[in-house]
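Chain letters run A, B, ... following the sequence lines, proteins first, then strands; residues in each count from 1. All heavy atoms count here, side chains included; hydrogens, waters and symmetry mates do not.
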Protein chains: 2
Amino acid sequence: MMARTTIDDVAAAAGVSIKTVSRVLNDEPGVRTETRGRVREAIASLSYRPSLPARSLAGKRSNLIGLVYDNPSANYVFDVQSGAMARCRDAHLRLFIQSCNDLGGETVEEVLAMIDQTHVDGLVVTPPLSSDAALISALEERRLPFVRLAPDDTSRGGPCVIMDDEAAAHDMTEHLLDLGHRRIGFVAGHPEHPSSRLRRQGYQAALDAAGVGENQPIEQGFNDTASGYEAGRRLLSASKRPTAIFASNDDMAAGVVQAAHELGIDVPRQLSVAGFDDSQIAAIVWPALTTIRQPAYEMAFAAAGLLIDLVRDRPAPAVTELAYTLVQRGSTAEAP
Amino acid sequence: MMARTTIDDVAAAAGVSIKTVSRVLNDEPGVRTETRGRVREAIASLSYRPSLPARSLAGKRSNLIGLVYDNPSANYVFDVQSGAMARCRDAHLRLFIQSCNDLGGETVEEVLAMIDQTHVDGLVVTPPLSSDAALISALEERRLPFVRLAPDDTSRGGPCVIMDDEAAAHDMTEHLLDLGHRRIGFVAGHPEHPSSRLRRQGYQAALDAAGVGENQPIEQGFNDTASGYEAGRRLLSASKRPTAIFASNDDMAAGVVQAAHELGIDVPRQLSVAGFDDSQIAAIVWPALTTIRQPAYEMAFAAAGLLIDLVRDRPAPAVTELAYTLVQRGSTAEAP
DNA sequence: TTGTAGGCGTTATCAA
DNA sequence: TTGATAACGCCTACAA
């Protein structure tokens with residue numbers, strides 16, 4: 001078990017003091033170009049990798065940022081993690097990932113414990129935690145830099161990365177209206193997710209604008225396939241059956257498709273189904289879902305970038321909005 | 001920005017030396033029960049959380065273990081992460097997650113860099129990295145404890161957690177034979193995943209045992225839905241169409257179902273489709289997939305547990321095998 | 001049963 | 001432009 005390569009080894013190899021090596025490591029000025037080169041060579045030839053713990057202990061920064069989530073959707077979490085990690089890799093930072101799933105009331109406590117223990121320099125906060133008032137307050141109190149993804153309220157709490165859920169839902173509803181649908185059911189999303197409200201507003205606004213906003217059938221879902229299935233059964237068993245159903249996310253839309261299959265209703269000929277998110281399953285179910293592509297990877301990539309700016313005392317815009325796309329697939333068609 | 005609470009604060013509050021606090025923190029013997037209680041109270045009332053960096057710098061252990069993956073399946077990665085995290089939470093350890101997706105040839109390099117920088121005490125290595133000879137050798141060379149999930153070769157490289165892929169595939173094939181199918185197509189998994197070989201062997205062995213092992217149609221897939229769809233098209237366009245198709249994972253099975261829908265072949269009445277893994281999508285596609293439940297969460301939970309034992313110098317069994325389950329859903333039925 | 005001194009690998013401070 | 005030295009918060013070794 002040989003001892004690890006340390007800054008002293010590099011300093012010796014390059015014939016300089018450890019402080020100079022440290023300067024090179026941190027891209028600090030005040031090192032002659034030639035010296036810098038010599039140090040860089042020594043680092044490479046010894047394949048020296050500075051110790052994160054030592055740096056965070058000694059310095060103001062840990063070169064570690066955190067990502068927290070409390071979200072059961074494998075696809076969303078995976079995309080978000082991937083995006084944040086990619087940005088961190090670019091910046092030569094490490095990402096510490098913390099799940100708050102199944103934590104009950106101890107979420108805030110657990111996040112604070114993680115912050116204290118790991119010394120993360122900042123936090124990317126994903127939905128629905130990004131709208132958790134207790135967590136946001138706690139972070140502000142600690143003065144820990146953080147960037148939120150898709151929060152309900154962008155007016156406080158530092159930089160946010162958002163997507164226009166309302167406009168997207170509006171677009172999707174218009175798409176269905178354009179196909180001739182007039183009775184368009186809606187499966188609302190989980191009440192705790194702020195995006196649920198926005199998507200429903202967009203849906204309603206589009207219907208109102210078309211003059212058919214009254215008495216449209218709306219069912220509550222909880223963002224999972226099972227609740228989408230149940231909502232679908234209810235919508236499709238009603239006396240005045242809708243010719244289209246717009247679900248607030250893909251998982252629920254898949255549930256609606258299941259319900260239609262089971263009731264012998266042909267999608268899309270007798271029923272159009274639209275989803276939201278463009279998660280992996282959107283392309284896997286049959287027929288593949290017309291949906292809104294939410295750029296989760298890109299949003300997380302951007303959020304990590306903003307956080308890195310924040311941590312390095314560079315200014316970051318308060319709100320960064322990324323574009324969505326309406327992805328047309330096989331689950332929607334002209335009204336029968 | 002107040003200074004963080006340190007071990008000195010706790011020592012002062014409890015009226016003891018920092019060494020005694022340290023003993024309590026690490027559950028070391030040699031502290032009077034009453035003293036221990038006083039220290040615990042001080043810790044709680046100050047909500048003191050020991051600094052991970054400081055501990056890893058000073059001590060032999062970092063109280064941090066790593067999890068590495070190189071796997072594009074959101075569902076699998078999510079399950080594995082969740083299992084390992086849950087086990088770490090129980091043990092008051094932190095988990096550092098590292099993705100090696102899209103890293104090309106730099107995977108080993110990147111993992112070693114992570115190890116050096118973070119000082120992780122050990123590593124949970126998931127498939128297919130668990131069968132990456134270069135990585136395994138590098139880890140052995142560093143004498144870093146590690147536990148592998150579902151590796152191809154359990155005879156070397158420390159503790160492993162496995163599932164009997166071959167027996168599971170055998171069972172599934174027998175299930176199809178029991179339903180009266182005699183022409184059973186197979187969509188083979190990604191050639192780089194060791195489980196692919198085992199699943200195919202189980203399939204073939206069951207057919208051989210039933211005396212119908214000759215000339216069964218087999219197509220190569222790559223574990224994603226698109227390749228499953230292509231393989232399904234080929235199998236279903238052949239002159240002698242199979243009455244059942246067994247895909248080496250759920251994503252590909254979903255692709256086969258797509259192909260069947262598109263060709264107007266009714267599942268399961270005209271074609272039975274079976275998958276493997278019981279990932280989230282198995283229950284989302286329609287009809288829901290008959291599949292093998294691979295206990296990814298439990299396997300990762302167990303692996304993290306073994307690693308913790310290893311790290312704490314406790315013995316760990318070389319091979320831990322977890323049970324699979326055949327989950328029967330709507331995608332398989334009697335042969336037409 | 002408890003405490004003291006030294007050091008882990010880095011950055012910060014200040015001097016040269 | 002460079003370097004010596006003192007932290008950082010904790011654990012190890014040893015002493016009391």
Side-chain angles (χ1 to χ4, degrees), chain A residues 1-39 42-43 46 48-64 92 94 115-119 121 311-312, chain B residues 1-39 42-43 46 48-64 92 94 115-121 311-313:
Chain A
M1 190 107 79
M2 66 185 171
R4 57 181 297 134
T5 306
T6 72
I7 197 171
D8 295 290
D9 301 327
V10 178
V16 298
S17 77
I18 61 168
K19 179 66 222 188
T20 299
V21 178
S22 173
R23 288 199 179 92
V24 174
L25 243 35
N26 295 290
D27 285 318
E28 282 171 34
V31 180
R32 206 182 310 159
T33 315
E34 182 236 312
T35 312
R36 200 178 285 272
R38 235 174 41 242
V39 172
I43 288 175
L46 293 172
Y48 162 68
R49 322 199 227 257
S51 155
L52 231 42
R55 299 182 100 177
S56 42
L57 203 55
K60 293 190 175 62
R61 293 195 238 290
S62 64
N63 291 296
L64 189 68
H92 300 289
R94 297 273 164 192
I115 292 169
D116 281 350
Q117 291 197 343
T118 63
H119 295 210
D121 292 330
V311 159
R312 295 185 176 162
Chain B
M1 188 106 82
M2 65 185 172
R4 59 179 297 131
T5 307
T6 72
I7 197 170
D8 295 291
D9 303 327
V10 178
V16 297
S17 77
I18 62 165
K19 179 64 228 192
T20 299
V21 178
S22 173
R23 287 200 179 91
V24 174
L25 242 37
N26 296 289
D27 285 319
E28 282 171 34
V31 181
R32 207 182 311 159
T33 315
E34 183 237 311
T35 313
R36 199 179 286 272
R38 237 176 37 244
V39 172
I43 289 175
L46 294 171
Y48 164 68
R49 323 201 225 254
S51 155
L52 230 43
R55 299 181 103 179
S56 42
L57 205 54
K60 293 190 173 64
R61 293 194 239 292
S62 64
N63 290 298
L64 189 68
H92 300 289
R94 297 273 165 194
I115 293 169
D116 281 350
Q117 291 197 342
T118 62
H119 295 211
V120 286
D121 292 330
V311 159
R312 295 184 175 163
D313 297 317

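Rounded to whole angstrom, the span from the CG atom of A/N26 across to the P atom of C/dA12 amounts to 7 Å. Residue A/I18 contributes atom CD1, which lies 12 Å from atom P of C/dA12 at whole-angstrom precision. Per the geometry, CZ belonging to A/R38 stands 14 Å off P belonging to D/dT1, to the nearest Å. Whole-Å rounding puts the B/L57 CG to D/dC8 C1' distance at 9 Å. In this structure, CG of B/D121 is placed 19 Å from P of C/dC8, rounded to the nearest angstrom. Atom CG of A/L25 and atom C1' of C/dT10 are 9 Å apart (whole Å). C/dG9 atom P lies 18 Å from atom NE2 of A/H119, rounded to whole Å. What separates CG of B/N63 from C1' of D/dC11 is a distance of 11 Å, to the nearest Å.
Comparing B/K19 and A/I7 against DNA chain C, the residue whose closest nucleotide sits nearer the 5' end is B/K19. The 5' end of DNA chain C is approached more closely, in terms of each residue's nearest nucleotide, by A/R55 than by the other of A/R23 and A/R55.
Across all non-hydrogen atoms, the minimal contact from A/A13 to A/A42 is CB-CB, 4.1 Å. Across all their heavy atoms, B/I18 and B/I7 have their closest contact at O-CD1, 3.6 Å. What you find for A/G15 and A/R38 is that their closest heavy atoms are O-NH2, 4.0 Å. The two residues B/R36 and B/G30 come nearest to each other via the heavy atoms NH2-N, 4.4 Å. A pairwise comparison of heavy atoms in A/T6 and A/Y48 identifies C-CE1, 3.6 Å as the closest pair. Across every non-hydrogen atom of B/V16 and B/V21, the tightest pair is CG2-CG2, 3.9 Å.
DNA chain C lies under 4.0 Å from at least one heavy atom of each of the following residues of residues 27-36 of chain B: B/G30, B/V31, B/R32, B/T35.
Of the candidate nucleotides D/dG3, C/dT4, C/dG7, D/dG3 has the atom lying nearest to any side-chain atom of A/S17. In the set D/dC10, C/dC8, C/dT11, the nucleotide with an atom closest to the side chain of B/S51 is D/dC10. Each of C/dT10, D/dG3, D/dG9 was ranked by its minimum atom distance to the side chain of B/A58; first place goes to D/dG9.
Within the 4.5 Å cutoff, the side chain of A/L25 has heavy atoms near those of the A/I43 side chain.
Taking five base pairs at each end of the helix from C/dT1-D/dA16 to C/dA16-D/dT1 and finding the rotation axis that steps the C1' atoms of four pairs onto the next four gives two axes whose angle is 30°, to the nearest 10°.
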**Study point:** Step-by-step side-chain contact (heavy atoms from CB on, under 4.5 Å) determination, B/T5 to A/D116
**Key:** CA-CA 9 Å; B/T5 307; A/D116 281 350; over 6 Å; no

**Study point:** Residues B/V39, B/R23; criterion side-chain contact (heavy atoms from CB on, under 4.5 Å); working and verdict
**Key:** CA-CA 10 Å; B/V39 172; B/R23 287 200 179 91; over 6 Å; no

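B/Q117 pairs with exactly one of A/R94, A/H92, A/R49 by the side-chain hydrogen bond (donor to acceptor under 3.5 Å, both in side chains) rule, that one being A/R94.
Backbone-only contact: B/P50 has heavy atoms under 4.0 Å from sugar-phosphate atoms and none from a base.
One finds no side-chain N or O of A/S22 lying less than 4.0 angstrom from the OP1 or OP2 phosphate oxygen of C/dT10. Listed pair A/T20 / D/dG3 meets the phosphate criterion, a side-chain N or O lying under 4.0 Å from OP1 or OP2.
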